[in-house]
Each structure stands twice: as structure tokens, then as C-alpha cells.
Amino acid sequence: MNKPVETRAATLSGAQAVVELLRAHGVEVIFGLCGDTSLPLYDALRGSALRHILTRDERHAAYMADGYARVTGKVGVCEGPSGGGATYILPGLVEANESSIPVLAINTDISVSSRGRFTLTELDQRALMKPVTKWNAVLDRAADIPRVFRQAFQEMTTGRPGAAHIALPFDVQNAPVDAGDVWADPSLGVYPSRRVTPDPEMVALAAKLLRSAKQPLFICGGGAVISRAEAELCELAEKLQAPVATTISGKGAIDERCAHSVGVVGSNGGTPETRAVVDAADVIIFVGCRAGSVTTERWRHPAPEQARIIHIDVDPAVPGRNYKVDVPLIGDAKLALSALSEALGHLHREGDLSPVDAKKRAKFEKFEALAKSTDSPIKPERVVFELSLLLDPDAILVADPGTPCPYFSAYHVVRGAGRRYISNRAHGALGYALAAAIGAHIGRPNVKTVAVMGDGSFGMCAGELETVARLKLPMTAVVISNAVYGWIKAGQKSGYAQRYFSVDFSATDHAAVASGFGIRSWRVTDPSQVGPVLKQALAAAEPTLVDIVCQPLHEAKAPVSEWIA
Ligand SMILES: Cc1ncc(C[n+]2csc(CCOP(=O)(O)OP(=O)(O)O)c2C)c(N)n1
């Protein structure tokens, strides 16, 4: 429903109108960092009910908005100033957009009247942000603010969700806006906001194909989690007696303790056992999944032509991009699965999930043998095992690339459906987890949030430890410390005959760094201390960091890995 904003004044300043429009779309928090061009906006924020989280750089403000959006189902909002504020906020928009997460970034800008005059920080924000967002705009006059903000929310939350960017010049923030035009439809502040159903004829074709399937398999991506399709997915998997695999972003589409769950497949979290389940399928139903290089191990599993394909996606451009698709179902995952289930009626296919169970057992037997090892340096498997054991089912875990993502994707069993596991799989940029975990904690403050990172990632996010300490966020950071860009060194080992080059760096005492920020911290080198120390850190009602000196990836046994781009 369109919600008018209550205001007595006939006009608002542009900056006040921005704040009121955000509020009217249901925004409660904004992550960002101040600058000269943002002074009017900050003055308006000061008097508003919006909570402002001051960050230590704009990249992390965008990652925080991303983590917040992932766990709340609402649009995440971040802001920064012109020039460097725009170039620094960009990486967060890239990740959110490619991961179909609605993040709105506002960069304030030099005045319209100063354009083209060698003004400090002048930058073509329209051109800069165009390729990395779903939609972007540069405001030229205050009267356009309401329309532009309404359009941003509509673009971010309808169809395939994505990121939006608005450049907000200094003089536009100061110019008047008609208060009567400051209104919003709050249902556009959550996503997916306008669900669409697939063509019933296509649904009937898919149902026919599924009735004849011998070994159907679901592969669910982030779209299944975004759509909150877990109940419909479970019902259909039950009817078909079909296994359900996920991508990394799809972790949370199904409770991983469920008999149907296969776990994560692909080259960054899959294992030979999960690959075997994919290879055995004769009909594959991709759900909200792009069937990209990581999920399919470079389009080899499933092999082309191995299986008939039903592809559910809200974006018509996705099905058919990588595999010959038998039935594309264009629409929202929840509604498409529900329509398919209805078309199958009371079917209860005879199916045997015992081979899937045997594969899962084999995978976890190998894992637990390594996880219980008392070897030093500590094996990454031990960290995954101990941390998973200690976390409550509703805890949120955010994993950076390097060791954390493949290991936690493979072996951390998500108990319960919905978003509890986050990794930045669109671009896999190092240094995402800490900020995304901050955003996730702000969005879901009553559960424990843990960020797991390598020391390469630590070097790219350490400044935000100050934010964690200042806000006294009772969250935990875990550093898998090995003094190397381990994932890349492992690639040099496997693909380049151990011709190691420029991948090692010196060891840092991350616990000492954290305590410099005022964060309670531990450094662990003894395998028997991993569990007890993590337990203390997780139980603390204050920010904590655990630095664990681990076996580097090139010496460890990684899950299925693919180093070739
Ligand atoms: C911003 C960015 N730069 C470079 C890379 C390429 N890269 C992928 S994994 C990796 C090494 C990660 O090192 P670290 O965080 O120490 O974790 P480890 O692999 O040692 O566990 C690098 C450099 C990246 N993913 N992101």
C-alpha cells in the first residue's frame, strides 16, 4: 500500500526528503562514512529516526548493507561521499548485484553548478556505477528525488533483486522538495516484492518430465534462499523422493540434516562424494541457480547432455545459458515449486535415498578423521568441526574465500532452513566476512554471528575491528592464520609443479592486533585448545577474536578444488 509520509512542512530540503523516503520504504539502518559533500545529508540524518552505523571505509559499509539485507529480507542501505567514497563503495555493490542482493548505495556528489570545473572529487558516477548495478541514477534537481528513490526500490526488489546506486549532489540536497510528493510503497522495501508464477503450460511439461525421471536431483542456488522456498522445496523433494544439493549461496535452502540433503556441490565446497550424486542424476531441477563455473565444476558435473534439465529462475536470461534446457520455468522459486507440486498431485514416487546417505557418511567419515587429528599445525578441518559443534542452530556464519569458504561450505552442517550461512560467491573478494557479519549482526542481533577469515582477508578488513569494538558488538571473528595466500599457493602446487612465487607473507599476531582495538582475543597453536577457546569466545557478551595458527592449504587436503579460471 502506498504510505504517505506524515509531515507538516510544505517543503523539505532534498536531504530531508531522502531520509523520509528511506524511512517510508521501511529502512531503519544506514551504513556509511562522512565527507564534505555529505554535510547536508548528515544534518538531516542527525534529526531522524534512522540509525547510522559509522564505518571505517565505504567498501565495508556496502558489505555491511549486503550482510544486513541477506539476513533481514529487507533492502540494505549504505552511503559515502563523492570521489574516493564512490570508488571505495563500488566493490560492495558488485558483490551484492551479482549475488542478487538489494543494496542501495548513495554517494553524495559535488554540486550540479560545480560540474566540469575541475572541482575536487568530481567523477562520472553514472558511468562508474552503470556496469556494476541493476539500476543507477545521478540526480540533477531536487524535484526528482521522490521519483528516483521510488524507482530505485522498485528496481532492487522486483524481478531478479540487485543493487542500485544514486548520486546525490550537494546543492540538490539543499534545494526544496514538495512534501506532498514524499511518499512510498513500503512493500518495495522487502524482497522479493512482486512474485510471479511461471507459465502453466511449462509447469505441466516439467511435471510430465519429472513423472518419468529415474533419478531426479535438485540443485538449489541463492535464489531458493532469497525466495524462502524451503517448505515448497521439501514438499516436492518428498513427493519425488529426490536428493537436494545446493550451491554455496543456496546453503539454507534446506535443513542440511534432512535425509534429502546432499550438501554443497561444485569446486569450492563439493567433494568427490557430492559430485557422484550429481553424476548419477537423469533429471536435474536447477532452482534459482545460474549453473555457473563453481557449481558445475566448469560445466563438467553435470556433464552436458547427461541429464534432462528443468530450470527455475526469475531471470529469463539464466535458463539455457550453460545447459540445454528441456523446460525453463520463469518465475519466483517458491511459486514455481508450489505450482510444480500441485501439478504432480498426490504423487509419491518410489525412490531410494540410501545411496545419498552412504555418500554423505563416506564424506563425513573422511572429514572427521582429519578433524579429530591432534597434529600441529592445526588442521583446518579441526576448526570447522569444533566451531560447528559449538554454534547454536540459529547462529550466522560468514566465510571468506581462501580456506574458510570451501571447508565450511563442505562440512559445516546448517541446521534449519533460511539464511544462516553467507559467503560472497559472486566475486569471492577477500575481506568480506567481517563487515558482512557486522551487517548480519545488526540485522539479526539476537543470534551469535561469526566471521571466519584467512589472514589474507584479515589484512583487507582489520580497520572494521574498530567498528566492532566501538559498537560493542557481541560477535566473534576467527582468523585461520597461515602466513600465506594459501589458496593460490595450493594452485601453484597442483597446477604449476610447486613453482611457488610471491604468495608467502610474514606471520602476524592477529590476537595482539585485535587487543589493540580493545577486543578480547586469543591466539591458539595447540589443537586441544581450539574447542575450549572457541567456547569461551562464543560465550562472551562482548566482541571476541580467535587467531588460530593452521596448516596452510597447500599442505592440507582441500575439498574438490578448481584453480583454473
Ligand atoms: C580482493 C581479492 N584479491 C585477490 C584474490 C585472489 N585470492 C583468492 S584466494 C586468495 C588467498 C587467500 O589467502 P588467505 O586469506 O590468507 O586465506 P588462505 O587461502 O591462506 O586460507 C587470493 C589472493 C581474491 N579472492 N580477492
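All ligand and atom numbering here is 1-based and tracks the order in the structure.
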Around [atom], find the nearest protein heavy atom and jot down its residue, atom name and distance.
atom	answer
atom 1 (C) of ligand 1	Leu430 N, 3.7 Å
atom 19 (O) of ligand 1	Trp487 N, 2.8 Å
atom 18 (P) of ligand 1	Gly486 N, 3.6 Å
atom 14 (P) of ligand 1	Gly456 N, 3.5 Å

> At the 4.0 Å heavy-atom cut-off, does Val484 count as touching ligand 1?
Replying inline: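 Right, Val484 reaches ligand 1.
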
> Considering only heavy atoms, which of Pro401, Gly428, Ala490 lies nearest to atom 25 (N) of ligand 1?
Replying inline: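 It is Gly428 whose heavy atom sits nearest to atom 25 (N) of ligand 1.
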
>> Could you work out, for atom 21 (O) of ligand 1, the closest of Ile488, Val452, Leu553, Thr403 by heavy-atom distance?
In response: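 Checking each option, the heavy atom nearest atom 21 (O) of ligand 1 is found in Thr403.
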
>> Applying side chain to side chain donor-acceptor pair (under 3.5 Å), can you list everything that pairs with Glu58, at least two apart in sequence or on another chain?
In response: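 Glu58 satisfies side chain to side chain donor-acceptor pair (under 3.5 Å) with no other residue.
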
> Looking at Thr476, Leu465, Val478, Val513, which hits side-chain contact (heavy atoms from CB on, under 4.5 Å) with Leu545?
Replying inline: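 Exactly one candidate clears the test, Leu465.
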
>> As an exercise, identify every atom of ligand 1 less than 4.0 angstrom from a heavy atom of Ala429.
In response: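 Those atoms are 26 (N).
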
> Can you list the ligand 1 atoms lying under 4.0 Å from a non-hydrogen atom of Ser457?
Replying inline: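 Answer, ordered by atom number: 15 (O).
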
> Closest approach of Ala451 and Ala437, non-hydrogen atoms and distance?
Replying inline: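 The answer is CB-CB, 3.8 Å.
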
>> If you count heavy atoms of other groups shown closer than 6.0 angstrom to OH of Tyr496, is the number above 12?
In response: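 Not buried by this count: 12 neighbours or fewer within 6.0 Å.
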
>> side chain to side chain donor-acceptor pair (under 3.5 Å), that's the test. Do His52 and Glu79 meet it? Break it down for me.
In response: CA-CA 10 Å; His52 186 267; Glu79 59 83 24; 2.8 Å; yes

> Is there side-chain contact between Trp135 and Met156, with heavy atoms separated by less than 4.5 Å?
Replying inline: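 No, too far: nothing below the 4.5 Å cut-off.
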
>> If we set the cut-off at 4.0 Å for heavy atoms, which region of Asn482 has an atom near ligand 1: side chain, backbone, both, or neither?
In response: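 Within the 4.0 Å criterion, Asn482 contacts ligand 1 through side-chain atoms alone.
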
Result block: side-chain N/O donor-acceptor pairs under 3.5 angstrom for residues 221-230, not counting sequence neighbours:
from   : atom 1 : to     : atom 2 : distance (Å)
Ser227 : OG     : Arg195 : NH1    : 3.1
Ser227 : OG     : Asp332 : OD1    : 3.1
Ser227 : OG     : Asp332 : OD2    : 3.3
Ser227 : OG     : Lys334 : N      : 2.9

